[in-house]
Amino acid sequence: MAPRCSAIGSRASKAVHRSPRSRQHAMAGAMTRYEPATIEPKWQAFWDKDDTFRTPEETGRPKTYILDMFPYPSGSGLHVGHPEGYTATDIMARYRRATGYDVLHPMGWDAFGLPAEQHAILTGTHPRDTTSENIATFKRQLKMLGFSYDWAREIDTTSPDYVKWTQWIFLKLFERGLAYQSEIPVNWCPALGTVLANEEVINGLSERGGYPVERVPLRQWVLKITAYADRLLADLEAVEWPNSTRIMQQEWIGRSEGAEVKFDVVDHDASIEVFTTRPDTLFGATFMVLAPEHPLVEQVTTDERRLAVESYVEQAKNKSERDRQANKEKTGVFTGGLAINPVNGAEVPIYIADYVLWGYGTGAIMAVPAHDERDFEFATAHGIPIVEVVSKTGTPSEVPMKGAMVEQGVAVNSGKYDGLKTREFKKRVTADLEAAGHGTARVEYKLRDWNFSRQRYWGEPIPIYFPVETDGDPRAGADFRIRYDEPMAVDEAELPLRLPELDDYKPGEDPAGVLARARDWRFFQKGGAWFARETNTMPQWAGSCWYYLRFIDPRNSKALCSPELAKAWLPVDLYVGGAEHAVLHLLYARFWHKVLYDAGVVPTKEPFKKLVHQGMILGEGGQKMSKSRGNVVNPDDIVREFGADSMRIYEMFMGPLEATKPWSTSSIAGVRRFLDRVFNATLRADEDAKPDAGLTRLLHRTIRKVTEDIEGMRFNTAISAMMVLSNELLKLDKVPTEALDVLAKLLHPFAPHLGEEIWEMLGHHPSIQNEPWPAYDPALCEEDEVEVPVQINGKVRGRITLPKDATEDQALAAARQALASQLEGKTLRKTIWVPGKILNLIV
RNA sequence: GGCCGAGUGGCGGAAUUGGCAGACGCGCCGGAUUCAAAAUCCGGUAUUCGCAAGAAUGUGUCGGUUCGAGUCCGACCUCGGCUACCA
């Protein structure tokens, strides 16, 4: 027997690794210790050559589509968070193949994006070059970890072949009236020279880079996601997603039902429309508030209030988003104007205040201080009367209100509606308003249409062009006027519309974007007339909105995905990725999918059936990993020191997949020891040794446990069960080959290289991936005898050993005998017998 | 402020329908091996009291339901994530 000697260096790892052959006479050719650095490349090469993970076609077997959120190939390479989700899906993919499924498990690159462009601005390197270098690094690292992707299906969102179909989908959106232009206030980030989506702005700063963001009006392409709001909301019921993610999407869509109510303005031929979810509180509306941007402000303001109002409006305009958020005090000024409450004819003052948002509802509210916290604050600050119109009991409060009562209740001080419950009141008053022409029921959403324009270089050009009015050649500098009101779709046959080559990617002052400087690209002639291409590009989300479709049919030049294959593979059965995509990517992708569904391109209403978010991996001290903290763990280092299989198993062993958990390098050493022991047990394999009854039971139990845990994606406890088995096997001098066969089959989805290696050592033909998953016999999992704790008054006082299907009487008899001394002189009042679990005696 | 999630040994975690709390791993302690060390192997390791047998306590806090609660119910505390004036 060769000495068992581990390849793990000391943690400091300065010691030079000695070759085992320097200390012993190794068996010729046979490996005598676990060396991941040797076996991992060996099996990776085998898989490549063998095409082990090619996606099967038309076998008639059940299918499963297991997808990772594809990475943005950043310059810093993989971090340890990537392999967490990727290992989880890889285990599922390998497990499903072994259980008879056709598995689609692809990988690709979400490769458009700002960092490559920023790098280009700094160094002049073309973003394409940076991107392909980064992709090479990512691919090397993913291959190093032994993931079973079908690399023949690799896709890159920046390749012209892919861009073609991203643009094609845009044209579908355009044809259907779901892509339109709008002159809207946008989040202009001068430092980045681009417009950002609301979602990309956090506290008034850009999500990437943290630069200040201003609001300026600009012509933008916008996608009408709001047209799908109700379906995006309703179909959330049908997916197996984490509850928290579904709730986040629901709240992002933000549907609320209420009424639109019209208040006529005194002495003006105008009326203010408000949206309210509480029309039942109309009698308590003691003032109105317009957003500072509201067009009626000008009209309703009286001469003596004009100065104050204009100064407030000016102030609000200059306030950055950030300041607005930092300061929650209810500021505002009276306009001097009055409006008439349609339910009781009362004249109420009209204010302007920036706590009313121009972007939501009608940009104006009826303020009910008694039943809305913000209105209460404002009324208190400005000495406006507070009238209670809802109470819990149905009788008005006797003391003045100390705060807003926002709950539902019974109407008071509401004329003929007094005594009605909130819900009934809403219905009644909405109907009455409608009859009187003063209002109507209305549904409002927080969801805004999606700003789809970016003024960047490194993105998909939007395949639209416009007529140009010009006297000369605009490419040569002639004056021109672009007719943005007459957008035309680029002919499908001309797709992909490629990016022009530029020397300078810097954003300029021209808000039309970087591409506007590429005049030869921008302007062209057709039939003697001049035209100009759209110079905005698409946001990074575009490519990631539909990549899962391209994986199904990645080389199709006639369609983005053939209908037959789409039908065969959709929906994605398991989708794993970070929770940071809970709303943006996952909502956008659902929206596009539904549009393609309506266009007959895809056969399912939803793209992703089951969704799982892997948890964040923190640094060793429990802090977030970051370059500035210096606690970033590089997968290359871990693989070099411990091997890819150890890294994979460690990340799965850390805790539940979804949990946030801290990294611990010393714990990887423990996982590595486990793999060493598995290898060493295999060295002692003996064909003639047969498992005894105890080992047989353990084998069947382990199969059951590992199988059930993989199905439930509880990889940490599955690994624990395999550790228990390997610990038992190592106690034997001769380890039965059939036991090791089972262990190899259970282990290989987790540690694929070692799995293949020991499978071969056991005398089998690779690949172990082609072997069926082991089966267990439930009967063999059970013990013949069970040890049952006996409690007296709820405290464990002894144990009895019983046949596994013992009756209560048998248990009681055994307990009387075993605990005779403790039961002496006591009267048994009650017994609780849980078969095979516990016996509790109440005395 | 709102929503979601989580609090279990020195640490990561296990106990999934209420039934022996602490599986598995790390770390630590002791032993074997070694000239010595590393590595490996064996044993121990919740806390308190006790030489020991053993006993008591113990899953964030307080209370409740139950023969029995980490698990269920109520109130609270702490931490994390998301969100933030959405009428």
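Naming convention: chains lettered A, B, ... in sequence-line order (proteins, then strands); numbering from 1 in each chain.
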- Message: For a quick check of understanding: with a heavy-atom distance under 4.0 Å over all strands, which category does A/Arg442 fall into, base, sugar-phosphate or nothing?
- Response: nothing

- Message: If the threshold is 4.0 Å, N to carboxylate O, is there a salt bridge linking A/Glu708 and A/Arg701?
- Response: no

- Message: Salt bridge check, A/Arg246 against A/Glu240: does any charged N sit closer than 4.0 Å to a carboxylate O?
- Response: no

- Query: Which value, in whole Å, describes the distance between the P atoms of nucleotides B/A14 and B/C72?
  - Reply: 16 Å

- Presence of A/Arg673 side-chain N/O under 4.0 Å of B/C41 phosphate oxygens OP1/OP2: no

- In terms of the nearest nucleotide of RNA chain B, which residue is placed more toward the 5' end: A/Met723 or A/Lys624? A/Met723

- With C1' as the reference atom in both, quote the distance from B/C35 to B/C29 in angstrom, rounded to an integer. 25 Å

- Grab the CD-P distance between A/Glu251 and B/C85 for me, whole Å please. 13 Å

- Query: Using a cut-off of 4.0 Å on non-hydrogen atoms, how would the nucleic acid contact of A/Val834 be classed: base, sugar-phosphate, or nothing?
  - Reply: base

- Give the rounded distance in Å between these two atoms: CD of A/Glu658 and P of B/G80. 21 Å

- Task: Kindly indicate, with the supporting measurements, whether the criterion side-chain hydrogen bond (donor to acceptor under 3.5 Å, both in side chains) is fulfilled by A/Thr331 and A/Tyr312.
- Result: CA-CA 9 Å; A/Thr331 61; A/Tyr312 187 83; 2.7 Å; yes

- Item | Pairwise C1' distance for B/A55 and B/C4, with rounding to whole Å | 44 Å

- Using the closest heavy atom to pick a nucleotide of RNA chain B for each, name whichever of A/Tyr360 or A/Lys661 lands nearer the 5' end. A/Lys661

- Round to a whole Å and report the spacing from CD of A/Glu377 to P of B/G1. 13 Å

- Stepwise, does the side chain to side chain contact (heavy atoms under 4.5 Å, CB included) test hold for A/Lys705 with A/Thr717? CA-CA 8 Å; A/Lys705 176 74 179 155; A/Thr717 49; 4.1 Å; yes

- Message: Classify A/Asn716 by what it touches in the nucleic acid, base, sugar-phosphate, or nothing, heavy-atom distance under 4.0 Å.
- Response: sugar-phosphate

- Rounded to the nearest Å, what distance is computed from the NE2 atom of residue A/His613 to the P atom of nucleotide B/A6? 15 Å

- Message: With rounding to the closest Å, how many angstrom separate the P atoms on B/A37 and B/A32?
- Response: 11 Å

- Between atom CG in A/Leu730 and atom P in B/U40, what is the gap in whole Å? 13 Å

- Note: A/Arg442-A/Glu444 ion pair, threshold 4.0 Å (strictly below): yes

- Short side-chain N/O contact from A/Asn727 to OP1 or OP2 of B/G25, under 4.0 Å: yes

- Message: Please classify the nucleic acid contact of A/Pro656 as base, sugar-phosphate, or nothing, using heavy-atom distances under 4.0 Å.
- Response: sugar-phosphate

- Shortest side-chain distance from A/Asp354, nucleotide among B/G19, B/G13, B/C85: B/C85

- Return no unless some side-chain N or O of A/Thr660 is found under 4.0 Å from OP1 or OP2 of B/G5. no

- In whole Å, what is the span from the NE2 atom of A/His581 to the P atom of B/U83? 13 Å

- B/G68, B/G27, B/A87: which one has an atom nearest the side-chain heavy atoms of A/Thr276? B/A87

- Task: Have a look at A/Ile247 and say if it touches a base, only the backbone sugar-phosphate, or nothing, with a 4.0 Å heavy-atom cut-off.
- Result: sugar-phosphate

- Could you measure between the two P atoms, the one in B/G10 and the one in B/A84, and give it in whole Å? 40 Å

- Message: Please tell me whether A/Phe715 and A/Phe653 form a close aromatic pair, meaning their ring centres lie under 6.0 Å apart.
- Response: no

- B/A39 C1' sits how many Å from A/Arg672 CZ, rounded? 12 Å

- Using a 3.5 Å limit on both pairing distances, list the dot-bracket string of RNA chain B from the 5' end; Watson-Crick and G-U wobble pairs count, crossing pairs take [ ], interstrand pairs take |. (((((((..(((......[....)))((((((.......))))))((((....))))..(((((..]....))))))))))))....

- Which one, B/C24, B/C20, B/C26, comes nearest to the side chain of A/Phe653? B/C24

- Message: Classify A/Ser244 by what it touches in the nucleic acid, base, sugar-phosphate, or nothing, heavy-atom distance under 4.0 Å.
- Response: sugar-phosphate

- Separation of the P atoms in B/G13 and B/U8, to the nearest angstrom: 9 Å

- Item | Between P of B/A87 and CD of A/Glu444, the distance in whole Å | 8 Å

- Rounded to whole angstrom, note down the P distance from B/A38 over to B/G27. 13 Å

- Give the nucleotide from the list B/A23, B/A87, B/G19 with an atom nearest to the side chain of A/Ile838. B/G19

- Are side-chain N/O atoms of A/Tyr34 and A/Asn680 paired as donor and acceptor at under 3.5 Å? no

- Message: Taking the P atom in each of B/U40 and B/C26, what is the distance between them to the nearest angstrom?
- Response: 9 Å

- Query: Is the A/His581 ring parallel, tilted or perpendicular to the A/His585 ring (thresholds 30°, 60°)?
  - Reply: perpendicular

- A/Val724, nearest nucleotide to its side chain (from B/C82, B/C24, B/A87): B/C24

- Item | Among B/G12, B/C67, B/A14, the one nearest A/Ile832 by side-chain distance | B/C67

- Nearest listed nucleotide, side chain of A/Leu357, among B/A14, B/A87, B/A23: B/A87

- Message: Can you classify the ring geometry of A/Tyr355 versus A/Phe378 as parallel (below 30°), tilted (30 to 60°) or perpendicular (above 60°)?
- Response: tilted

- Note on the structure: chi for B/G9 classified (syn = within 90 degrees of 0, anti otherwise) as syn

- Task: Could you tell me whether A/Tyr650 and A/Trp663 have their ring centroids closer than 6.0 angstrom?
- Result: yes

- Message: Side chain of A/Ser256 only, heavy atoms from C-beta on: which candidate in B/C24, B/A14, B/A87 is closest?
- Response: B/A87

- Query: Out of B/A14, B/A87, B/C85, which nucleotide sits closest to the side chain of A/Tyr355?
  - Reply: B/C85

